[in-house]
Amino acid sequence: IRDRSVSRGLGDVYKRQELKNVKKIVIHYTANPGTSAQANRDYFEGLATTRITSASSHFIIGLDGEIIQCVPLNEVAYASNEANSYSLSIECCHPDDSGEFATVTYNQCVELTAELCKYYRLDPETDVIRHYDVTGKECPLYYVENPQEWEMFLGFVKDRIS
């Protein structure tokens, strides 16, 4: 996996911490329907100036399947609370309030997650989790409300690794 960060300066407000050992991949949804990956990336970038909150993500997958890497893989992102120090975060854009990912977003998330699992030698069944599994926050909403859909997602990731 190449480091495809678009901005090494993203989130300068945060303490730069080295991500030493990736043990989990955490899947999120943006919780703002219809917005683009670039808009969400710009929001994270703006937090470095406004300092409203600390938030960032390693990747954002857009409605058209575009993937923007925001934080280098060897740095901590601020997306998964107590799991920040040992996880990579993937934020997914979604078209409506249900939080269900568009097909192209979903497919890209499966591919990216599988690639990361292979690289870090992670097992999707135990090492790919929802933000909900860390904090109880309903994120990614659709996949919290529909656990069978989450299990299907994990199955697709596992199939891509095999």
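Worth saying up front: this structure is predicted, and the values here are computed from it rather than measured.
The salt bridge (charged side-chain N to carboxylate O under 4.0 Å, His left out) search around Glu111 returns Arg160, not counting sequence neighbours. The side-chain contact (heavy atoms from CB on, under 4.5 Å) search around Asn107 returns Thr103, not counting sequence neighbours. For Asn32, the side chain to side chain donor-acceptor pair (under 3.5 Å) criterion is met by Thr30, Thr35, Asn40, not counting sequence neighbours. Not counting sequence neighbours, Thr105 has no partner by the side chain to side chain donor-acceptor pair (under 3.5 Å) test. By the side-chain contact (heavy atoms from CB on, under 4.5 Å) test, Pro95 pairs with Leu63, Ala102, sequence neighbours left out. For Ala37, the side-chain contact (heavy atoms from CB on, under 4.5 Å) test picks out Ile60, Glu66, Ile68, Cys93, with sequence neighbours left out. Partners of Glu145 under the salt bridge (charged side-chain N to carboxylate O under 4.0 Å, His left out) rule, at least two apart in sequence or in another chain, do not exist in this structure.
The structure places CD of Glu45 at 10.0 Å from CD of Gln38, a figure rounded to the nearest 0.5 Å. Distance OG/Ser57 to OH/Tyr43: 12.5 Å, rounded to 0.5 Å. Residue Asp64 holds its CG atom at 10.5 Å from CD of Gln108, rounded to the nearest 0.5 Å.
Between Tyr143 and Phe101, the ring-plane angle classifies as tilted under the 30° and 60° cut-offs.
No continuous path of ILVMFWY side-chain contacts below 4.5 Å connects Tyr86 to Tyr119, so the two sit in separate hydrophobic clusters. Taking hydrophobic clusters as Ile, Leu, Val, Met, Phe, Trp and Tyr residues chained together by side-chain heavy-atom distances below 4.5 Å, Tyr120 shares a cluster with Ile90. Residues Val104 and Tyr106 fall into different hydrophobic clusters, defined by Ile, Leu, Val, Met, Phe, Trp and Tyr side chains chained together at heavy-atom separations under 4.5 Å.
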Quiz item: Could you go step by step and tell me if Lys158 and Glu125 meet the side chain to side chain contact (heavy atoms under 4.5 Å, CB included) rule?
Solution: CA-CA 8 Å; Lys158 186 174 182 174; Glu125 293 178 336; 3.1 Å; yes

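Listed by first then second residue, pairs satisfying salt bridge (charged side-chain N to carboxylate O under 4.0 Å, His left out) with a partner in residues 79-107 number zero, not counting sequence neighbours. Residue pairs meeting the salt bridge (charged side-chain N to carboxylate O under 4.0 Å, His left out) criterion with at least one member in residues 127-138, sequence neighbours excluded: Lys24-Asp127, Arg130-Asp133. Among pairs with a residue in residues 30-40, none fulfils salt bridge (charged side-chain N to carboxylate O under 4.0 Å, His left out), at least two apart in sequence or across chains.
Cluster note: Val144 groups with Tyr132 through ILVMFWY side-chain heavy atoms spaced under 4.5 Å, whether in direct contact or through intervening members. Think of Val134 as one node in a network of Ile, Leu, Val, Met, Phe, Trp and Tyr side chains linked at under 4.5 Å; its network also takes in Val26, Ile129.
Ser80 and His28 form a side-chain donor-acceptor contact under 3.5 Å, judged by distance and modelled atom types alone.
A heavy-atom distance below 4.5 Å is not found between the side chains of Leu19 and Asn74.
Heavy-atom minimum distance, Leu112 versus Ile61: CD2-CD1, 4.2 Å.
A donor-acceptor pair under 3.5 Å links the side-chain atoms of Ser56 to the main chain of Tyr78, judged by distance alone.
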